[in-house]
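Read the structure below first, then the notes.
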Amino acid sequence: MSYNNEMIEKYRGNFLKEVTDNVEEGDWVKMCMQCGVCSGSCPLGPHWEHPPQEIFMMIRANKREEVLESTSMWMCTSCYNCIARCPRGLPITHIMHGLATYSRRLGLAPQQQPTAKFAQLFWNNLAKTGRVNELKLGLSLYFMNGFAEGVKTALKMKNIGLNMLKTKRMTPMEMLGGHGCKDAKGLQAILKKAEELENVRIGKSGA
Amino acid sequence: MADIKIGAYVCKGCGLGERLDCDELATIAKRDGKAQVAQQHDFLCSADGVKMIQNDIDNEGVNRVVIAACSRRAKTEAFNFEGVTISRANLREGVIWIRPDEDDLRETTQEMAADYVRMGCAEAKYSTPPASAQEKGANDTILVVGGGITGMTAALEAAKAGYPVHVVEKSDSLGGSVGKMWKDVPRHSPYTDPVDTGVAAMVAAIEADGKITVHLNATITKTSGAPGRFSADISTESGGTSTENFGAIIQASGATPYDAGKLPELGYGKSKDVVDRVELEQLAIAANGGPIKRPSDGKEVKKVTFVQCAGQRSSKEGHLNYCSGDCCLSSIKQAMYFKDQNPAIETEILFDDLRTPGAPGEDFYRSGQDKMITFRKGKVSEVVAGSNGPLVKFKDLILDEELEEEADLVVLATGMVANSGVDIDEVPQNEPGQWEVNVDSILNLNYRQGKDLPHLKYGFNDSHFICFPYETRRTGIYTCGPVRRPMDTQQAIEDATGATLKAIQSLESAKVGRAAHPRSGDLSYPIFRKEGCTQCKRCTVECPFGAIDEDEKRFPVFNESRCRRCGTCMGACPVRVISFENYSVDSVGQQIKNCDMPDEFDEKPRILVLACENDAYPALDMAAQQGTSYSQWARVIPVRCLGSINTIWITDALNSGYDGIVLMGCQKGENYQCHFVKGSEMAQMRMSKVDETLKTLNLEEERISTYEVAITDIDRAPQLINDMAEAVEKIGLSPFKF
Amino acid sequence: MSEVIATNQTILVVGGGISGMTAALEAAECGKQVILVEKNPSIGGRVSQLYKYFPKLCHPKCGLEINLRRIKTNRNLHVMAMTEVNKIEGEAGNYSVTLHTRPRYVNENCTACGACGEAVETEFDDEYNYGLGKRKGAYRPFNQSYPERYVLDPAIIGTADADKAKAACNYEAIDLDMGDSETTITVGAIIWATGWKPYDAGKIQPYGYDRYKNVITSVEFERMLDPHGPTGGKILRPSDGKEAKDVAFIQCAGSRDLNHLKHCSRICCMASLKQTTYLREQYGDDTKGTVYYIDIRAIDRIDDFYQNVKNDANITFTKSKVASITEDRETGNPVLHGVDTEGYDRYSNPHELVVLAIGMEPSVPADGFPMPVVLNEEGFVELDEANGAFFAAGCSADALDVNRAVQSATASALRAIQVVNRVAGAEG
């Protein structure tokens, strides 16, 4: 049985409980009183399909798929406006990231959502050497949506790239391997161990 | 009563000495006002001035004091002499502060002052120091009607203050509706979990208290008397009746749960698994801390839905048009019954506005959320039978979606209906000398105006006043708990404690013949000259407090301790046989007559202003404080209430040559502001009859105006007087000047 | 001031707002000896600053007048203004209380004739009008203030104004040498009725109370409606003095909020509903009111007031806690940003004036209670045996409306009487 099905089976229509148990800071969701201050405070608000307060209501209304497959929580830019203003003290930013992580873990995260994609690219880039490779990360972002699109974006960003080269914020040598932390192997071992521990914690077998 | 000896004291302070000829005023007091003593003082309210007056009282036998100085609202404490009458000629706020300081106006200003001195002396002459009511019931025992948590609290609190109590309870046990609960909402911090109702402990305390007598299975079949001397027939189911005497009564008759049978659209009566909140308490008691089972098949409830505002806050026929105030807290508590027993049970509360006020309320709401009760802003349209349990159809207002959800059990958060007895506007009282018990009545009062307390709104016996929640229209009888207003247990306990104080206060006041609020401390009472009475019944009908009964010959029977001294009866009486020692047809009538009436050729009109002493009169005072002026033709007399205005004052005034009359009372109607209920309404009604008099005298209708004036009408009140002055100028002087 | 005589059968009431006045009067009218102390120069409290009461829309000053008359004529009741409680020692039935009285610089000779007020020149922010207007350095706090006496602002002492005031008085009522005084009295029971204060609106950062002139609090709005208040009874925008006909009311401004006051202040919903009627009273049909709310708590039988306002086509309700306010520089209009949670509609609504339905913060002495007291998390005094004969009345006990505060005060009067009756019984 897939992890997703496992969870469906386990929580049978009690999505709030599922969120409470599995989502980082998810046990705060129950405390929302639907005032909407988070939704109104979000700078990206107009671009969300479901703002946080609505997501919290959807969770209580057992709209499991709609929430977990939503692109909404991926829109969060961690500005912390909502946390600062929430009258009930909900760590909304963290809950949004928690929901995003959980949906990805379940394999329900939207594949084409740019923030989700960027997050994956960023992670892949970083995890390799322990340092962000600006050149490779930039290029992989440009080409995220196909070759033609990538060329177009690269040309558009040309001047910024050249300036970065000039001021030594980026070097073309990065293309060849690039800089890394002292012990990249050790880092990867650490990450592997962390993943193992995390899987044990969430009761998930295999990756 | 010793001979009348008037002492008039003219103050020269605050500019009075400069603006007025005080020597002349003192002379007028002696000559026109018949004051035996007339003194002037530079600073009358000083210790020295007060001493001077006290000395005359002590050594010169002065027993009618006329203070010609500032308004009666100022320096009240300084001019507070015992055993004498005190009249205030308002020369400061009433004359010099409302008239410009100009040489050519000195004459009319002086005339105004002189008239107020004459009026003060006239009032003094026709007043008697109140000797306190003759009727002084001295009973200390308090009757508490209703043995629920409200009544039990009242009983225990009264006993704790040292007063004996009788509790009369209709059912066979104490405890009332809270006694039928599994648990109650917490009344002390932390406000997080349902708590023991405390009923058992209270019952035990009552049983152990030697000051408290309990009558179970008992109702009140007759109540008569007045504060300090109430008498109540307590009848038991078995047929026995005992008569007990009381000093005051607390009505804690509580509320009845709204009949959920009126809500078939919410599935009640159609599905056994749709229950009201009282039935849910029974299910919880039956479960005794274990799993709550649903009525239809005894299945353990795994999902429960609460429908808030069931049959409430709705103008639909048969629904309650109000919020019962405690259902939100109650549903949260009941949802906790499930969650505390088994957190896996799904509990959902469908609400419109969640009403959990204050610190305790909001804490309890958060605690409910913490226990994972689901709160949804939703409007329930229907509850029908589903395949496994009731199906709730509702619109989720946040998600903007029509939804259906099945539950094992649906709880309707139904409201409360006051047990306030019969509506006295609809159920007539028995004729004097006849008596019939009304089984629907709570108190079975033998009062002329009906068997129960007047209802305010929606059947509740609440006070009409924001500042005075214990104001009652039946002196000495105080309601508390949900019969007064929808409320939760904590408020009911607070309310019962407050009502107990008022009951104690009322019986203590009755002992010394003092009036109850708002004229608290007033020792005067209505004196009735039976010989002149025509048994017209106006006083008995119009008394706002139902204080006057009728004997078998239809003569009024005044119950002094029930009287609130507003004077409405005095205003009502067509033959003027009712008066108070210090406020009478004469004490005002003579003020009107004793103004100096210039003859026609002087072209000096006179305008009589009768102003409510609590609102219009202070408004005029405050106008004076800020330097607003009004017509020098006005002569203002404060009255206890516009309801106390006897039309004889008006006809006398017209006959003696007044050119205009202005009456200033409080707002009437649904949101009336009259502290004696309908004073200005009655004044208006009576004045419409005066129109007839005007016609017979061939006078213009414009000469009399009645206004609703609020205490804040500081600019408007003077303007109304000026309007009359203008009107008089237009229509000309009255032809009735002699 | 006349000598204060108090015994262990005396009841001390702290705070002269409607709760304190009620508690003091109710006890005194039962025949008990009562001392009422008030921190300010006048009793009357916050209700004296209100234009109207809900739901009757009657004037608080009417009830105040009745209470003042009761006070003036009751010989059992002694009022001490400008007085605070410094220390309470002892136990139920026998407390020793140290009172601290600030100088009024005006003695009981004062006739409230107003000569000193006319003589002085310096002006100060008027506390009675929440600083919206000015008052003189010798002043009567408001037209019904009691004790009916003027007071000198301590800031004019030692200045020419003080001498002018003294010279203007014909009654030797001005005593510039008056100093602070301490009195220790014995009482049997204490009723604590220090009431509430409006939550500091400046702390609600996103609403810009401290930055935008046209964002005001509900208590300030009340002052505007007073025909003798700072705007002569007109609803005017502070920024430009223009009539404000499109007014927004923001509920839970500081209440139900862990960042500010945790509790629901109870009164604010009804207060805003009441204030929407002011708009109609002033402008008839030519007005627009918008109430932004989380839950409308028009609790119990006064729910019909809410129903009536809801039926007013000019008043709309939006279920939303406003997220933030910006200002349209050109018009001076505050612009409210947020989301209507019923169906998720974003708005950026300009209004001419914004009224923050400000929360009730329990008003307690700056350096804490003068004796150990059991409080709840919100800072309200609990009814608890450990408090002995120290009883809270009104908004010291919870966020209460006037009606409930008076109810609470009446109850507290009985609790105090129970104690002094017990003392009287024990002493025969």
Side-chain angles (χ1 to χ4, degrees), chain B residues 13-14 43 45-46 74 76-77 80 157 160-162 188-189 313 321-323 325 353-362 397-398 400 457-458 460 466-470 485-487 494-495 497-498 500-502 504-505 508 518 520-521 614-615 618 622 625 671 673 675 710-712 714-715, chain C residues 18 26 29-31 53 56-59 61-63 65-66 70 72-74 109 111-113 143 148 170-171 227-228 256 262-264 266 295-301 303-304 341-343 376-378 380 382 384 398-400 402-404 406-408 410-411 413-415 417-418 421 425:
Chain B
C14 291
F43 182 14
C45 61
S46 65
T76 319
E77 305 90 324
N80 186 4
E157 295 295 331
K160 209 171 159 191
H188 191 288
S189 70
R313 297 178 66 198
N321 206 3
Y322 52 87
C323 153
D353 290 290
L354 204 76
R355 293 180 169 172
T356 53
E362 201 61 14
L397 294 166
I398 299 292
D400 199 18
K457 212 171 187 187
Y458 309 130
F460 291 95
I466 315 293
C467 309
F468 309 108
Y470 294 107
R485 185 173 184 160
M487 60 177 77
E494 200 72 2
D495 199 23
T497 312
T500 305
L501 177 126
K502 293 304 284 186
I504 290 171
Q505 195 181 64
E508 290 294 342
S520 36
N614 191 70
D615 292 75
M622 289 188 269
Q625 254 168 261
N671 284 326
Q673 286 164 30
H675 284 266
I711 192 166
T712 49
I714 298 172
D715 296 325
Chain C
I18 188 136
E26 295 301 347
E29 288 179 4
C30 286
Y53 277 144
K56 257 179 73 184
L57 302 178
C58 54
H59 298 280
K61 294 195 158 184
C62 161
E65 179 70 20
I66 290 185
R70 292 165 77 190
K72 287 174 195 174
T73 53
N74 197 307
N109 278 355
T111 65
C113 72
N143 54 12
E148 198 180 335
N170 288 329
Y171 308 103
H228 300 91
R256 299 182 71 187
K262 196 164 78 149
H263 59 270
C264 157
R266 190 191 305 257
D295 293 286
I296 293 289
R297 293 184 165 171
I299 211 157
D300 76 49
R301 72 167 171 80
D303 187 64
D304 54 5
T341 61
E342 288 190 6
N376 61 28
E377 290 172 14
E378 290 81 359
F380 295 105
E382 291 273 321
D384 194 295
D398 194 14
L400 299 173
V402 172
N403 207 259
R404 286 180 174 83
V406 172
Q407 197 183 336
S408 155
T410 312
L414 180 67
R415 293 180 181 124
I417 285 174
Q418 288 166 346
N421 278 2

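Lettering follows sequence order; numbering is per chain, from 1.
If you tally non-hydrogen atom pairs under 4.5 Å between each of B:Asn671, B:Thr76, B:Ile466 and chain C, the highest count goes to B:Ile466. Considering only heavy-atom pairs separated by less than 4.5 Å from chain B, the leading option among C:Leu57, C:Asn170, C:Asp384 is C:Asp384. Residue with the most contacts toward chain B among C:Val402, C:Ile299, C:Asn376: C:Ile299 (heavy-atom pairs, distance under 4.5 Å). Of the listed residues (B:His675, B:Glu508, B:Met487), the one with the most heavy-atom contacts under 4.5 Å to chain C is B:His675. Between chain C and the residues B:Gly325, B:Pro360, B:Ser46, the most heavy-atom pairs under 4.5 angstrom are made by B:Gly325. Heavy-atom pairs under 4.5 Å with chain C were tallied for B:Ala74, B:Ser520, B:Ala161, B:Gly358; the largest tally goes to B:Gly358. Taking C:Ala413, C:Cys58, C:Ala399, C:Gly31 one by one and counting their heavy-atom pairs under 4.5 Å with chain B, the maximum is reached by C:Cys58. Note: C:Glu342 leads C:His263, C:Glu342, C:Glu148 in heavy-atom pairs under 4.5 Å with chain B.
Using a distance-only test at 3.5 Å, with no hydrogens or angles considered, no donor-acceptor pair links the side chain of B:Glu157 to the main chain of C:Leu414. Without hydrogens or angle criteria, B:Tyr470 side chain to C:Val406 main chain gives no donor-acceptor distance under 3.5 Å. No donor-acceptor pair under 3.5 Å is formed between the side chain of B:Asp400 and the backbone N or O of C:Gly343. Between the side chain of C:Arg301 and the backbone N or O of B:Cys323, no donor-acceptor pair lies under 3.5 Å. When atom types are taken as modelled, the side chain of C:Glu65 and the backbone of B:Ile711 share no donor-acceptor pair closer than 3.5 angstrom.
Two residues are said to be in side-chain contact when any heavy atoms from C-beta on lie closer than 4.5 Å; C:Phe380 and B:Ser189 fail this criterion. Within the 4.5 Å cutoff, the side chain of B:Asn614 has heavy atoms near those of the C:Cys62 side chain. Between B:Arg485 and C:Asn403, some side-chain heavy-atom pair lies under the 4.5 Å cut-off. No side-chain heavy atom of C:Thr73 sits under 4.5 Å from any side-chain heavy atom of B:Asn80. You'll find the side chain of C:Thr111 reaches within 4.5 Å of the side chain of B:Phe43, heavy atoms only. The shortest distance between side-chain heavy atoms of B:Thr356 and C:Arg297 falls below 4.5 Å.
The minimum heavy-atom distance between C:Gly63 and B:Phe468, with the atom names listed, is O-CZ, 3.9 Å. Across all non-hydrogen atoms, the minimal contact from B:Gly498 to C:Thr410 is O-CG2, 3.4 Å. Listed here is the closest heavy atom pair of C:Cys264 and B:Pro357: SG-CA, 3.7 Å.
Taken to the nearest 0.5 Å, the CZ atom of B:Arg313 stands 4.5 Å off from the CG atom of C:Asp303. The distance from atom SG of C:Cys30 to atom CD1 of B:Ile504, rounded to the nearest 0.5 Å, is 6.5 Å. Taking NZ of C:Lys61 as the reference point, atom CD1 of B:Ile714 lies at 6.0 Å (rounded to 0.5 Å).
Residue contact with chain B, scored on non-hydrogen atoms closer than 4.5 Å, involves the backbone and the side chain of C:Glu26 alike. Of the two parts of B:Pro618, only the side chain, counted from C-beta on, holds a non-hydrogen atom closer than 4.5 Å to a non-hydrogen atom of chain C. Heavy atoms of B:Cys14 lying under 4.5 Å from chain C belong to its backbone as well as its side chain. The part of C:Ile18 that comes within reach of chain B is its side chain, from C-beta onward, which places non-hydrogen atoms under 4.5 angstrom from that chain. Both the backbone and the side chain of C:Gln407 come within contact range of chain B, each with at least one heavy atom under 4.5 Å from a heavy atom of that chain. Using a 4.5 Å cut-off between heavy atoms, C:Glu29 contacts chain B through both its backbone and its side chain. Of the atoms belonging to C:Arg70, it is side-chain heavy atoms, and not backbone ones, that fall under 4.5 Å from chain B. In this structure, the portions of C:Tyr171 lying under 4.5 Å from any heavy atom of chain B include both its backbone and its side chain. Neither the backbone nor the side chain of C:Leu400 comes within contact range of chain B; no heavy atom of the residue lies under 4.5 Å from a heavy atom of that chain. Looking at B:Glu362, only its side chain comes within 4.5 Å of chain C, counting heavy atoms on both sides. Proximity to chain B (any heavy atom under 4.5 Å) is restricted, for C:Ile417, to the side chain, taken from C-beta onward. In this structure, the portion of C:Asp398 lying under 4.5 Å from any heavy atom of chain B is its side chain and not its backbone. Residue B:Asp495 touches chain C through both its backbone and its side chain, counting heavy-atom pairs closer than 4.5 Å.
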Practice item. Under the side chain to side chain contact (heavy atoms under 4.5 Å, CB included) rule, what do B:Lys457 and C:Asp304 come out as? Steps first, then yes or no, please. Key: CA-CA 11 Å; B:Lys457 212 171 187 187; C:Asp304 54 5; 2.7 Å; yes

Point to revise | side chain to side chain contact (heavy atoms under 4.5 Å, CB included) assessment of B:Thr712 paired with C:His228 | key: CA-CA 9 Å; B:Thr712 49; C:His228 300 91; over 6 Å; no

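Remark: C:Arg404 pairs with B:Gln491, C:Asp300, C:Asp401 by the side-chain hydrogen bond (donor to acceptor under 3.5 Å, both in side chains) rule, at least two apart or across chains. For B:Glu494, the side-chain hydrogen bond (donor to acceptor under 3.5 Å, both in side chains) partners at least two apart in sequence or on another chain are C:Arg415.
Atom NZ of B:Lys160 is surrounded by 12 or fewer heavy atoms from other residues, nucleotides or ligands within 6.0 Å.
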